[in-house]
Amino acid sequence: MLGEIANLPVARTAQALRAQVRSWRMEGLRVALTPTMGALHDGHLTLLDVARGPGRADKVAASIFVNPTQFAAGEDFDTYPRDEARDAAMLAASGCDLLYAPSPDQMYPDGFATEVRVTGLTDLLCGAARPGHFDGVALVVSKLLIQAEADVAVFGEKDWQQLAVIRRLAWDLDIPTDILGAPVLREADGLAMSSRNRYLSQPQRAVAPVLHRRLRLAASEIIGGADPTAACAAAASGLLADGFESVDYLEARTADSLALIETAPPPTQSRLFAAARLGRARLIDNVPIEAEAASKAL
Ligand code: PAF
């Protein structure tokens, strides 16, 4: 049974979600799922735009679930911003057809005992900096994909590694949902949109766009023939000099298998990845290492 919030139909259980998706599919409509943790910003709305692209989906369901299993002790699970009414209004205004907002008890009832783990891809970058994080993501995304039975699901490319992990698990588990990426949406000064940007104080917000600038500069140096390891090390030192408190990683890797690139020239389809801390915020970003990105670097 569906409820309603801000004129948007809401499913609170997997059964209600699946019944609605199945009924759309019985009418011959294609359905997309756009999973989120709420605290929506315009970047999330691009997930819906990608979902509605030609031949993709006629109906879009967005999920909002702050997933406890992907937060480690001491991370921001308790303080993660939650405002369902505001999020629902944003989704309704952008033409979303259904909100799926299950409770933690619905997703993880007493006795829940299953784990989902994608090996390899999760040992590096954010996986190394946040042990267990991707196990929680893999678990909840597997559940969401199985619950929704959607034709396509869309995830943001800002979390490039997460997207790679999700593609892997959908393939490995024969989940018949096409996994699509949505390009990073940036503020005018280049900062990638993120729910956690609201943790930044005003002075920190002024420093934050440097993350993207340093990545682009390093990409342009690598395209120009610089040693990737040296360019990444210089960019990381630059971030610290600019005011970031620490850099979890800043590395060049291949786009699909995330293999480390240590020598020039980089293979085609390679990217720079970074995570760095500024006050309460841990910012992540990634850029392609390609001539076009390099030309806009400075
Ligand atoms: O990217 C996110 O918002 C979350 O990691 C996701 C994919 C919704 C799983 O909780």
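- Counted within 6.0 Å of CD on Glu27, heavy atoms from surrounding residues, nucleotides or ligands total more than 12; the atom is thus considered enclosed.
- You'll find the side chain of Leu99 reaches within 4.5 Å of the side chain of Ile5, heavy atoms only.
- Between Phe273 and Val287 there is no side-chain heavy-atom pair separated by less than 4.5 Å.
- No path of Ile, Leu, Val, Met, Phe, Trp and Tyr side chains, each step under 4.5 Å between heavy atoms, connects Ile289 with Leu125, placing them in separate hydrophobic clusters.
- Note: Leu47 CG to Cys96 SG = 11.0 Å, rounded to the nearest 0.5 Å.
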Check step by step if salt bridge (charged side-chain N to carboxylate O under 4.0 Å, His left out) holds for Glu290 and Arg271.
CA-CA 8 Å; Glu290 60 188 28; Arg271 301 185 79 83; over 6 Å; no
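- Under the 3.5 Å distance criterion, the side-chain polar atoms of Asp76 are left unmatched by any main-chain donor or acceptor of Thr79.
- No side-chain N or O of Ser103 forms a donor-acceptor pair with one of Asp105 less than 3.5 Å apart.
- Ion pairing between Arg56 and Asp151 fails under the 4.0 Å rule for side-chain N and carboxylate O.
- For the pair Arg82 and Phe77, the cation sits on the ring face: its NZ or CZ lies under 6.0 Å from the ring centre, inside 45° of the axis.
- Ring geometry for His41 versus His44: interplanar angle of 30 to 60°, hence tilted.
- With no hydrogens or angles considered, a side-chain donor-acceptor pair links Tyr100 and Gln147 at under 3.5 Å.
- A salt bridge is defined here as a Lys NZ or Arg NE, NH1 or NH2 lying under 4.0 Å from an Asp or Glu carboxylate O, and Arg12 with Glu84 meets this definition.
- Of the charged side-chain nitrogens involved, at least one lies within less than 4.0 Å of a carboxylate oxygen, so that Arg186 and Asp285 count as a salt-bridged pair.
- Contact check on Glu75 versus Arg282 returns no salt bridge, with no Lys/Arg side-chain nitrogen under 4.0 Å from an Asp/Glu carboxylate oxygen.
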Candidate pair Gln269 and Thr254, rule side chain to side chain contact (heavy atoms under 4.5 Å, CB included), full reasoning:
CA-CA 6 Å; Gln269 303 289 320; Thr254 56; over 6 Å; no
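- Hydrophobic cluster membership is shared by Phe155 and Leu169, with clusters built from Ile, Leu, Val, Met, Phe, Trp and Tyr side chains linked at under 4.5 angstrom.
- Contact of the Leu40 side chain with the Leu91 side chain is registered, since non-hydrogen atoms from C-beta on lie closer than 4.5 Å.
- Note on Leu163: it clusters hydrophobically with Val165, by side-chain heavy-atom contacts below 4.5 Å among ILVMFWY residues.
- Annotation: side chain of Leu200 is not in contact with side chain of Val207 (no heavy-atom distance under 4.5 Å).
- Using a 4.5 Å cut-off between side-chain heavy atoms of Ile, Leu, Val, Met, Phe, Trp and Tyr, with links allowed through other members, Leu215 and Ile223 fall into the same hydrophobic cluster.
- Taking the charged nitrogens against the carboxylate oxygens, Asp189 and Arg213 have no contact shorter than 4.0 Å, which rules out a salt bridge.
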Start with the C-alpha distance between Phe244 and Arg277, add both sets of side-chain angles, then the distance that settles side chain to side chain contact (heavy atoms under 4.5 Å, CB included), and finish with yes or no.
CA-CA 6 Å; Phe244 277 82; Arg277 291 176 196 265; 6.0 Å; no
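- Using modelled atom types, one side-chain atom of Asn286 and one backbone atom of Lys158 make a donor-acceptor pair closer than 3.5 Å.
- Residues Tyr199 and Leu278 form no side-chain contact, since every pair of their non-hydrogen atoms from C-beta on lies 4.5 Å or further apart.
- The closest donor-acceptor contact from the side chain of Asp97 to the backbone of Val60 lies under 3.5 Å.
- At a threshold of 4.0 Å, the pair Arg253-Glu251 counts as salt-bridged, since one of the basic side-chain nitrogens sits closer than that to a carboxylate oxygen.
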Evaluation steps, side chain to side chain contact (heavy atoms under 4.5 Å, CB included), between Ile222 and Leu272
CA-CA 10 Å; Ile222 295 169; Leu272 282 176; 4.0 Å; yes
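- Counting heavy atoms from C-beta outward, Phe71 and His133 have side chains that stay 4.5 Å or more apart.
- Side-chain atoms of Gln162 never come within 3.5 Å of backbone atoms of Phe134 as a donor-acceptor pair (strictly under, hydrogens ignored).
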Side chain to side chain contact (heavy atoms under 4.5 Å, CB included) between Asp42 and Thr46, worked out:
CA-CA 7 Å; Asp42 288 347; Thr46 63; over 6 Å; no
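- To the nearest 0.5 angstrom, Arg130 atom CZ is 13.0 Å from Thr122 atom OG1.
- Remark: the backbone N or O of Ile146 is paired with a side-chain donor or acceptor of Arg18 at under 3.5 angstrom.
- Leu139 has its side chain within reach of Phe112: a pair of non-hydrogen atoms, C-beta onward, lies under 4.5 Å apart.
- A donor atom on one side chain and an acceptor atom on the other are not found under 3.5 Å apart for Asn67 and Tyr80.
- Taking OG of Ser237 as the reference point, atom CG of Leu239 lies at 8.5 Å (rounded to 0.5 Å).
- Atom-to-atom distance recorded for Glu149:CD and Leu144:CG is 13.0 Å, nearest 0.5 angstrom.
- No hydrogens or angles considered: a donor-acceptor pair under 3.5 Å links the side chains of Gln204 and Ser201.
- A donor-acceptor pair under 3.5 Å is absent between the side-chain atoms of Gln15 and the main chain of Met1, judged by distance alone.
- Within the model, atoms OG of Ser257 and CG of Leu121 stand 8.0 Å from one another, a figure rounded to the nearest 0.5 Å.
- No side-chain donor-acceptor contact under 3.5 Å links Asp242 to the backbone of Arg214.
- Side-chain contact between Val152 and Ile179 is absent, with no heavy-atom pair separated by less than 4.5 Å.
- When atom types are taken as modelled, the side chain of Trp160 and the backbone of Ala255 share a donor-acceptor pair closer than 3.5 angstrom.
- Note on Arg30 versus Asp58: no salt bridge recorded, every NZ/NE/NH1/NH2 to OD/OE distance being 4.0 Å or above.
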